[in-house]
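Report on one structure; see the data block that follows.
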Amino acid sequence: MAAFMQKYSLIFLVLLLLQNVYSANSQPYIGVNYGNLADSIPQPGDIVNLLKTTTITKVRLLGSVDQSMNALIKAFADTNIELVIGLDNTEIHWAATGPDAASQWVNSNVMPYYPASNIIIITVGDEVLTSEGEDDDISALLPAMQNIQNALNTASLGEKIKVTTVHSMDVLSRFSPPSSGAFNLSFVDTMKALLQFQTAHGSPFMINAYPFYAYKSDPKPETLSFCLFQPNSGQVDSRNNIKYMNMFDVQVDAVRSALNAIGYKDIEIIVAQTGWPYQNGPNEVGPSLDNAKAYVGNLINHLRSNLGTPLMPGKTIDTYIYELYDEDQKLGPSSEQSFGLFRGDGSPNYDAGLFKSSQNPMTPSPTTPASPTTQPKPAGLWCVPKPAGVSEAQLQENIKFACTRGIDCSPIQKGGACFEPNTIESHATYVMNLYYQVNGRNPWRCDFYHTATLTTINPSYNGCNYPSG
């Protein structure tokens with residue numbers, strides 16, 4: 001018996017050692033987003049070689065699959081890195097027209113590369129339900145997903161590659177406390193139809209979750225610590241007395257609660273985007289090199305701990321960090337262009353523990369890589385158009401969107417307190433801010449298809465008063 005126990009103990013130690021060696025070189029739940037809206041883009045081979053030095057095992061390619069993206073998909077052949085590719089919002093109507101369009105997309109962007117390039121998910125659109133587009137974008141979403149699925153089935157890939165879409169946190173009407181998470185009533189019917197399709201095919205629910213934006217809407221030191229996984233007093237869910245120690249778990253569990261509430265308790269949740277900018281623009285709070293390093297580093301340690309979330313204990317959430325490189329062609333303040341983990345030459349903007357040589361799998365408990373940079377809380381926040389790159393046509397669409405969502409637009413009508421100056425920009429600024437304020441002042445309400453930003457400068461003038469938080 002003693003000899004048997006000694007042999008068993010030796011086998012156990014070998015297996016444990018092998019597990020730790022695997023963990024040191026691969027983190028199956030850590031992914032990264034890659035976008036190509038940049039002036040200087042590394043060659044596909046350089047991108048793949050960089051990723052091989054890290055523990056990243058999944059890559060989500062953002063935007064439409066064009067020629068450069070196809071070259072990158074090809075470069076991932078035989079690397080064991082899993083790929084998420086997709087159709088952007090402008091392609092949804094085309095894919096919804098019928099089987100021919102969907103088959104053309106699959107034949108062009110999947111068949112030449114799979115299985116050498118390990119494509120695991122196809123996303124149809126990004127934040128379609130909450131984008132300020134036309135209502136028929138939403139009605140076309142499910143048919144487009146069905147057509148892509150049928151095209152995969154025809155190619156005998158329907159069981160191997162999953163079809164889904166990506167949502168923003170704005171699909172929730174509330175997320176705090178997490179146990180009260182619920183979908184916005186205007187999206188429930190559409191959401192149920194999407195989830196019925198996804199459940200039938202085993203595809204995940206993908207969400208963009210950004211504690212950074214939660215901090216921007218409540219920029220206090222204690223909120224920053226809560227968002228950065230740093231020591232804090234926690235937040236207690238008053239409905240179940242569970243104490244939360246970070247905003248990431250709050251957001252993910254709110255999504256879990258919303259899914260449970262409409263009967264989808266078993267669908268997998270994947271965080272499609274999360275990150276923290278390392279550089280701020282004028283009147284922005286939160287972005288800094290230390291804060292970015294703290295958030296991403298502690299997030300990775302939190303995932304490695306295998307603690308899961310309070311509502312999903314022991315389950316690690318597949319999480320895609322935003323993003324691999326900066327995208328300096330993106331519109332908006334400096335923070336919008338400063339989420340990159342790496343520079344174009346492959347050097348890190350900061351070391352968050354992703355390199356195989358730097359991470360420590362034997363100490364998975366969350367730590368504090370860096371102290372946060374705090375800023376004083378501003379007197380108020382207003383939602384306004386971005387200072388550059390926004391056309392009058394886009395602003396007109398923003399006015400139309402806000403005024404058809406229950407916003408009181410009478411102040412910008414003739415005779416109203418905010419009618420003068422009678423310009424599209426002035427009218428858009430008023431209604432965009434009002435939409436943001438009356439919808440809980442959640443930062444994702446100030447997006448307007450990436451044409452809006454938050455400011456601490458009060459835009460009120462004369463008798464035209466802009467409310468603020």
Side-chain angles (χ1 to χ4, degrees), residues 62-64 84-99 101-102 105 121-151 162-175 181-201 203-209 254-255 258-259 261-264 267 269-270 272-273 393-407 431-432 435-436 438-440 442 444-452:
L62 299 174
S64 177
V84 178
I85 65 175
L87 294 81
D88 70 15
N89 292 6
T90 64
E91 298 175 290
I92 293 174
H93 282 280
W94 172 72
T97 57
W105 193 92
I121 294 173
I122 295 173
T123 59
V124 180
D126 186 78
E127 301 187 354
V128 177
L129 270 62
T130 51
S131 293
E132 287 77 31
E134 299 296 330
D135 289 339
D136 57 357
D137 290 345
I138 297 176
S139 63
L141 178 57
L142 181 56
M145 293 170 65
Q146 291 169 329
N147 287 341
I148 293 294
Q149 180 69 55
N150 290 335
K162 303 303 180 182
V163 178
T164 186
T165 188
V166 179
H167 301 286
S168 74
M169 288 293 293
D170 212 13
V171 295
L172 302 184
S173 59
R174 59 180 178 271
F175 73 92
F183 289 114
N184 189 313
L185 289 177
S186 62
F187 303 139
V188 168
D189 290 342
T190 300
M191 189 66 73
K192 286 182 177 178
L194 292 172
L195 290 169
Q196 184 176 8
F197 163 81
Q198 291 179 236
T199 301
H201 297 284
S203 63
F205 184 91
M206 299 187 75
I207 189 80
N208 294 335
V255 173
L259 290 167
I262 59 174
Y264 291 90
I267 191 168
I269 296 172
I270 290 178
Q273 284 185 23
Q394 289 173 305
L395 293 177
Q396 189 64 58
E397 284 297 317
N398 294 349
I399 295 173
K400 176 183 176 182
F401 172 81
C403 292
T404 56
R405 263 57 174 192
I407 299 300
V431 298
M432 289 165 65
Y435 177 82
Y436 163 74
V438 302
N439 282 286
N442 292 313
W444 51 86
R445 299 286 190 181
C446 184
D447 181 75
F448 290 91
Y449 211 62
H450 309 309
T451 64

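Residue numbers count from 1 along this sequence.
To the nearest 0.5 Å, atom CG of residue Asn147 and atom CG of residue Leu142 are 9.5 Å apart. For the atom pair CD (Gln149) and CZ (Phe197), the distance works out to 4.5 Å, reported to the nearest 0.5 Å. With values rounded to the nearest 0.5 angstrom, Met191 atom CE is found 7.0 Å from Ile262 atom CD1. Of the inter-residue distances, the one linking Glu127 atom CD with Gln273 atom CD reads 7.0 Å to the nearest 0.5 angstrom. The OG1 atom of Thr199 lies 10.5 Å from the CG atom of Leu194; values are rounded to the nearest 0.5 Å. Here Asp170 contributes atom CG and Asn208 contributes atom CG; the two are 11.5 Å apart, rounded to the nearest 0.5 Å.
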- Item | Met169/Ile207 under side chain to side chain contact (heavy atoms under 4.5 Å, CB included): CA gap, chis, key distance, verdict | CA-CA 7 Å; Met169 288 293 293; Ile207 189 80; 3.9 Å; yes

- Worked check of side chain to side chain contact (heavy atoms under 4.5 Å, CB included) between Leu129 and Leu141: CA-CA 9 Å; Leu129 270 62; Leu141 178 57; 3.8 Å; yes

- Task: Decide side chain to side chain contact (heavy atoms under 4.5 Å, CB included) for Leu172 and Phe183; before the verdict, give the C-alpha distance in whole Å, the side-chain angles of both, and the deciding distance to 0.1 Å.
- Result: CA-CA 4 Å; Leu172 302 184; Phe183 289 114; 3.8 Å; yes

- Take His167 and Val255 through the test side chain to side chain contact (heavy atoms under 4.5 Å, CB included) and record every step on the way to the result. CA-CA 11 Å; His167 301 286; Val255 173; over 6 Å; no

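In this structure, the side chain of Thr97 engages the main chain of Trp94 through a donor-acceptor pair within 3.5 Å. When atom types are taken as modelled, the side chain of Thr164 and the backbone of Ser203 share no donor-acceptor pair closer than 3.5 angstrom.
The side chain to side chain donor-acceptor pair (under 3.5 Å) test applied to Gln146 returns no partner, not counting sequence neighbours. Under the side chain to side chain contact (heavy atoms under 4.5 Å, CB included) criterion, Thr451 pairs with Val390, Gln394, Asn398, Met432, Phe448, sequence neighbours left out. Partners of Ser186 according to the side chain to side chain donor-acceptor pair (under 3.5 Å) rule, which considers only residues two or more places apart in sequence or in another chain, are Asn184.
With a 4.5 Å cut-off on side-chain heavy atoms, Asp137 and Asn89 do not count as touching. Looking at Val163 and His201, their side chains never come closer than 4.5 Å, going by heavy atoms from C-beta outward.
Between Phe401 and Tyr435, the ring planes are perpendicular. Angles over 60° get that label, and only those under 30° would be called parallel.
In plain terms, the two heavy atoms of Val431 and Cys403 that are nearest each other are CG1-SG, 4.0 Å. In terms of heavy atoms, Ala452 sits closest to Cys446 at CB-SG, 3.8 Å. Smallest separation of non-hydrogen atoms from His93 and Asp136: CE1-O, 3.3 Å. Taking every heavy atom of both residues into account, Ala101 and Ala95 meet most closely at CB-CA, 4.3 Å.
Checked options Thr123, Ile148, Ile92, Asp126; the residue passing with Leu87 is Ile148 (criterion: side-chain contact (heavy atoms from CB on, under 4.5 Å)).
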